Amino acid sequence: MHWFVAVVLGLLIVPRPVSARDDPYRVTVDVGDSIRLLASEDPFDREPAEILLSSLGQSALPALRAALEKEDEATRIGVVEVLGSSDAEGVGSVLLERAQKDSSVGVRVAAINVLISRDDPEAAEVVPDALASDDPRFYRAAFGGCGKYCVSVEQLDRIVDFVFTEPLVSINGPRGALVRAMSVPSQRDAVLAAIERTAGPRLEEGDVDRRLRAAMLFSDFDDPRATSTLLLALDHDVPTMLRLQSIVALGRLGDADTAEQIGAALDSMPAGLRPAGCKALLILAGRGVAGAQAQARERGCPGSK
């Protein structure tokens, strides 16, 4: 019923139908108010407008293009998002123009994200440039498309380097880009070479934070060299988020000795880290690692049998 109500509301907000002069069976509508509602923070206003404009398809494209030239930033971002769900001819070109030339960084980033989400070929024109930017808003947007469009030696090295320079809350962006790039068989060797070249030396650095970041990256590709470094997260005073992610990553690579060490660490582990330790043990148990299930059960981990 939700979609039905939304469509009805969408139709109700369309003002002033005007019959076309040359055909009594054709009706044109003024969608100006609907376009401006795209900037609303209230979903009860915005969503019906989005549904209506998307449903109009090709016929709405001229109005949406006009809005991109004259409306405020919030409305233009809303228009870009509506175009993301449109199958109208020429949408890719419109989005590319916004991604390259809009006066607002917010609109340009939104257009890049939509081009990537649509898997639009036009994304190839903007994703590499976004990755090369020094503006985090651009290069973070690029990560979503870099698995496909950023595969030169220089680009891959830059993505790996971001694992060490991005805030912890953002490092899954470059990690995900590398995983997606690796999923293309022809790119696998190049991705592995970039990780070895840029992250490999950092596995041995004195700084535990950087060592753990490198180890998490190697764990994404099931490289056992990460295990000994990831174990540092059990008892080293590094940021909590880094410890959480590192401990969970142990579940991907660890063996029976790893399970025993995690189990022993759980006895004195801060309450906030215990879920990560339990999750690592359960992942190990799911892989059939000897002793992991017993360690989880002995420590009272939820889900252990």
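Predicted, not measured: the structure shown is a model, and the values here were computed from it. Positions are given from 1 along the sequence.
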Are Phe218 and Leu250 connected into the same hydrophobic cluster when the rule is that any two of I, L, V, M, F, W, Y join if their side-chain heavy atoms are below 4.5 Å apart?
no

Asp237 atom CG, over 12 foreign heavy atoms within 6.0 Å:
no

Rounded at 0.5 Å granularity, tell me how far CG in Asp223 sits from CG in Leu192.
8.5 Å

Passes side-chain contact (heavy atoms from CB on, under 4.5 Å), Leu38 versus Arg76? Steps please.
CA-CA 8 Å; Leu38 296 175; Arg76 299 202 309 279; over 6 Å; no

Rounded to the nearest 0.5 Å, the CG atom of Leu37 sits from the CD atom of Glu47 at a distance of 12.0 Å

Which pair of heavy atoms, one from Ala124 and one from Pro128, lies closest together, and at what distance?
O-CD, 3.4 Å

Check: Leu230 main-chain N/O paired with Arg211 side-chain donor or acceptor under 3.5 Å:
no

Side-chain donor or acceptor of Ser54 paired with backbone N/O of Ile51 under 3.5 Å:
no

Using the rule that Ile, Leu, Val, Met, Phe, Trp and Tyr join whenever any side-chain heavy atoms are under 4.5 Å apart, tell me whether Leu244 and Val163 fall into a single cluster.
no

Is Lys148 close to Arg180 at the side-chain level, that is, under 4.5 Å between some pair of heavy atoms?
no

Quick one: does any side-chain atom of Thr258 pair with a main-chain N or O of Asp255 as donor and acceptor, under 3.5 Å?
yes

Check this for me, if you would: do Asp220 and Arg175 make a salt bridge, where the nitrogen-to-carboxylate-oxygen distance has to be below 4.0 angstrom?
yes

Is there a salt bridge (charged side-chain N to carboxylate O under 4.0 Å, His left out) between Arg46 and Glu41 once you walk through the steps?
CA-CA 7 Å; Arg46 186 183 65 255; Glu41 296 183 0; over 6 Å; no

Would you indicate whether Gln187, at its atom CD, is surrounded by more than 12 heavy atoms from other residues, nucleotides or ligands within a distance under 6.0 Å?
yes

Which heavy atom in Ser55 sits nearest to a heavy atom in Leu52, and how many Å separate them?
OG-O, 2.6 Å

Would you say Val179 ends up clustered with Leu168 if hydrophobic residues are merged whenever their side chains have heavy atoms under 4.5 Å apart, either directly or through other cluster members?
no

Answer yes or no: is there a donor N or O on one side and an acceptor on the other, between the side chain of Asp72 and the main chain of Thr75, under 3.5 Å?
yes

Using modelled atom types only, decide if a donor and an acceptor are shared between the side chain of Arg137 and the backbone of Arg108 within a distance under 3.5 Å.
no

Using a strict cut-off of less than 4.0 Å between a Lys/Arg side-chain nitrogen and an Asp/Glu carboxylate oxygen, indicate whether Glu196 and Arg225 qualify as a salt bridge.
yes

Thr198 side chain to Ala194 backbone, donor-acceptor under 3.5 Å
yes

Distance (rounded to the nearest 0.5 Å) between Ser34 OG and Glu50 CD
11.0 Å

Would you mind reporting whether Asp129 and Ser133 have side-chain heavy atoms less than 4.5 Å apart?
no

Any side-chain heavy atom of Val126 within less than 4.5 Å of one from Leu96?
yes

Does Arg210 come within less than 4.0 Å of Glu205, counting only side-chain N to carboxylate O?
yes

Carefully, step by step, assess Ile247 and Met269 under the rule side-chain contact (heavy atoms from CB on, under 4.5 Å).
CA-CA 11 Å; Ile247 293 169; Met269 194 175 285; 4.2 Å; yes

CA sep, side-chain torsions, deciding dist, call: Asp209, Arg213, salt bridge (charged side-chain N to carboxylate O under 4.0 Å, His left out)
CA-CA 6 Å; Asp209 183 299; Arg213 287 177 184 237; 2.8 Å; yes

Just verifying a value: how many Å separate Asp235 CG and Gln261 CD, rounded to the nearest 0.5 Å?
9.0 Å

Please indicate whether Arg65 has more than 12 foreign heavy atoms, meaning atoms of other residues, nucleotides or ligands, lying under 6.0 Å from its CZ.
no

Looking only at side-chain N and O atoms, does Gln155 offer a donor or acceptor that is under 3.5 Å from a partner on Ser152?
yes

Would you say Glu125 and Tyr149 are linked by a side-chain donor-acceptor pair, where the criterion is simply a distance under 3.5 Å?
no

Answer yes if Phe162 and Met241 sit in the same cluster of Ile, Leu, Val, Met, Phe, Trp and Tyr residues linked by side chain heavy atoms under 4.5 Å apart, and no otherwise.
no

Interatomic distance, OG@Ser117 vs CD1@Ile112, rounded to 0.5 Å, equals 12.0 Å

How far apart are the C-alpha atoms of Val127 and Cys150, what are their side-chain angles, what is the distance that settles it, and do they pass the side-chain contact (heavy atoms from CB on, under 4.5 Å) test?
CA-CA 8 Å; Val127 169; Cys150 310; 3.6 Å; yes

Minimal heavy-atom distance between Thr229 and Leu203, with the atoms involved, is OG1-O, 3.9 Å

Below 4.0 angstrom, N of the basic side chain to O of the carboxylate: do Glu69 and Arg98 qualify?
yes

If we count only N and O atoms by modelled type, under 3.5 Å, do the side chains of Arg299 and Gln295 hold a donor and an acceptor together?
yes

If every non-hydrogen atom of Phe164 is compared with every non-hydrogen atom of Ala199, which pair is closest and at what distance?
CZ-CB, 3.8 Å

Less than 4.5 Å apart, side chain to side chain, heavy atoms only: is that true for Leu83 and Leu61?
yes

side-chain contact (heavy atoms from CB on, under 4.5 Å) between Leu217 and Phe221, worked out
CA-CA 7 Å; Leu217 187 52; Phe221 302 97; 4.2 Å; yes

Nearest-0.5 Å distance that lies between atom CD in Gln293 and atom CD in Glu298:
12.5 Å

Taking all non-hydrogen atoms of both residues, which atom of Ala67 and which atom of Val79 are closest, and how far apart?
CB-CG2, 4.1 Å

Looking at Ala233, is its backbone amide N or carbonyl O close enough to the side chain of Arg243 to form a donor-acceptor pair, meaning the two atoms are under 3.5 Å apart?
yes

Any ion pair linking Arg202 and Asp207 (charged N to carboxylate O, less than 4.0 Å)?
no

State plainly whether one hydrophobic cluster holds both Leu253 and Met182, where clusters connect Ile, Leu, Val, Met, Phe, Trp and Tyr through side-chain heavy atoms under 4.5 angstrom apart.
no

Quick one: does Ile35's side chain get under 4.5 Å of Val82's, heavy atoms only?
no

Do Cys301 and Leu266 have side-chain heavy atoms sitting under 4.5 Å apart?
yes

Checking side chain to side chain contact (heavy atoms under 4.5 Å, CB included) against Lys279, which of Leu282, Ile283, Leu281 comes through?
Ile283

Ion pair check, Arg158 and Glu154, cut-off under 4.0 Å:
no

Nearest heavy-atom approach of Gly251 to Arg287 is O-NH1, 2.9 Å

Has Gln245 got a side-chain atom pairing as donor or acceptor with Met216's backbone, closer than 3.5 angstrom?
no

